[in-house]
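Okay, so here's the structure we're looking at.
This one's a predicted model, so the numbers in the text were calculated from it and none came from an experiment.
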Amino acid sequence: MAKFKYRMQNILDVKTKLETQAKNEYLSEQEKLSQLVLRRVDYEENLKKLLSDKINVVKISNARKDVNTMKTIIRSQMFEVKKAQDELEIKRKLLSDVMIERKTHEKLKEKAFEDFQKELKATEAKEIDELVSFTYNN
C-alpha cells in the first residue's frame, strides 16, 4: 500500500510552531509577574511580623525598603507585562492569521489525503478489474 505524504507538511509545522511561540512569550511574562507578586507578599508578611514583634528599627527599615523595592520591580514588571500584552494583541492578530492558515493547510492536507485514498481505491479497482478480466479471458 502506498504511503501518504502531504507536500506542504513543513509549512503546517512552521505555522504550528509560530502559534506555540507567540503563546509562550506572553505566558513567560505573566509568570514573571506572578512570581514577583508572590515575592512581594512574602516581604510584606515579613514586615508585618517585624512590626508585631519587638521593635527593631534596622530590621523594620530594611523590610520596608524590601517591600518598596519589590513594589518598584513589580511596577516595572507590570510595564513589561503591559508591553507584552500590547505585543500579544499584535501577535494575537498574527496568531489568528497563522491559525487560519494552519487550519487551511490542515484542510488542504485532509483533502489531499482524501484524493490520495480515492486515487488508491481507483488504482486497486482497476487492478482488480484487470485481474478479473484476465482470469475470465483465460
Side-chain angles (χ1 to χ4, degrees):
M1 180 178 206
K3 183 179 177 190
F4 174 71
K5 183 173 182 190
Y6 183 54
R7 306 181 288 127
M8 295 187 283
Q9 183 65 40
N10 56 347
I11 294 172
L12 181 58
D13 293 341
V14 167
K15 300 296 182 188
T16 305
K17 285 180 185 177
L18 288 173
E19 178 181 341
T20 304
Q21 184 180 5
K23 288 178 185 176
N24 288 340
E25 286 176 10
Y26 175 72
L27 293 175
S28 173
E29 291 299 322
Q30 206 54 35
E31 179 62 27
K32 285 179 189 176
L33 179 62
S34 297
Q35 289 174 356
L36 289 172
V37 168
L38 289 175
R39 201 164 142 195
R40 186 191 76 196
V41 168
D42 287 342
Y43 284 151
E44 287 174 346
E45 287 175 3
N46 184 37
L47 177 61
K48 286 178 185 176
K49 181 182 169 207
L50 289 173
L51 289 172
S52 66
D53 288 346
K54 289 183 179 179
I55 296 182
N56 184 335
V57 177
V58 175
K59 286 184 180 179
I60 292 172
S61 176
N62 288 337
R64 279 195 176 134
K65 286 178 187 175
D66 291 343
V67 170
N68 289 335
T69 301
M70 283 310 298
K71 285 180 181 178
T72 304
I73 291 171
I74 287 172
R75 271 189 229 110
S76 173
Q77 184 59 31
M78 286 177 140
F79 176 74
E80 291 299 319
V81 169
K82 174 67 175 136
K83 192 165 74 171
Q85 284 175 337
D86 293 343
E87 289 176 14
L88 178 67
E89 289 304 316
I90 293 167
K91 289 182 180 182
R92 185 171 287 154
K93 173 68 173 117
L94 294 173
L95 177 62
S96 174
D97 295 342
V98 168
M99 287 174 65
I100 290 169
E101 289 177 26
R102 178 183 54 83
K103 288 178 183 178
T104 302
H105 281 283
E106 285 176 349
K107 295 259 189 229
L108 288 172
K109 181 179 179 179
E110 290 173 11
K111 178 72 172 135
F113 184 67
E114 289 172 6
D115 291 344
F116 170 77
Q117 287 180 325
K118 287 178 185 176
E119 188 177 309
L120 189 62
K121 284 181 183 178
T123 304
E124 289 174 354
K126 183 178 176 183
E127 289 174 0
I128 291 171
D129 287 345
E130 288 175 358
L131 183 63
V132 168
S133 67
F134 178 75
T135 305
Y136 180 74
N137 288 335
N138 287 339

Donor-acceptor pair, side chain of Ser61 and main chain of Val57, under 3.5 angstrom: no
How long is the gap from OG on Ser34 to CG on Leu27, to the nearest 0.5 Å? 10.0 Å
What distance do Thr104 atom OG1 and Asp97 atom CG have between them, rounded to the nearest 0.5 Å? 10.5 Å
With rounding to the nearest 0.5 angstrom, report the NZ to CG distance, Lys82 to Asp86. 4.0 Å
Using distance only, find each side-chain donor-acceptor pair of residues 107-120 under 3.5 Å and give its atom names and separation, not counting sequence neighbours.
unit_1 : atom_1 : unit_2 : atom_2 : d
Lys109 : NZ     : Gln9   : OE1    : 2.8
Lys111 : NZ     : Asp115 : OD1    : 3.3

Take Gln35 and Arg39, measure what side chain to side chain contact (heavy atoms under 4.5 Å, CB included) needs, and give me the verdict at the end. CA-CA 6 Å; Gln35 289 174 356; Arg39 201 164 142 195; over 6 Å; no
Between Leu47 and Val67, what is the shortest heavy-atom contact and its length? CD2-CG2, 4.2 Å
If you look only at pairs with a residue in residues 42-51, which of them pass as a salt bridge (Lys or Arg N to Asp or Glu O under 4.0 Å), with sequence neighbours excluded? Arg40-Glu44
Asn10 and Val14, any side-chain heavy atoms less than 4.5 Å apart: no
Going by side chain to side chain donor-acceptor pair (under 3.5 Å), name the pairs with one or both residues in residues 66-77, residues two or more places apart or in two chains. Glu29-Gln77
With a 4.5 Å heavy-atom cut-off, do Lys17 and Gln21 have their side chains touching? no
Working to the nearest 0.5 Å, report the span between CG of Leu38 and CE of Met70. 9.5 Å
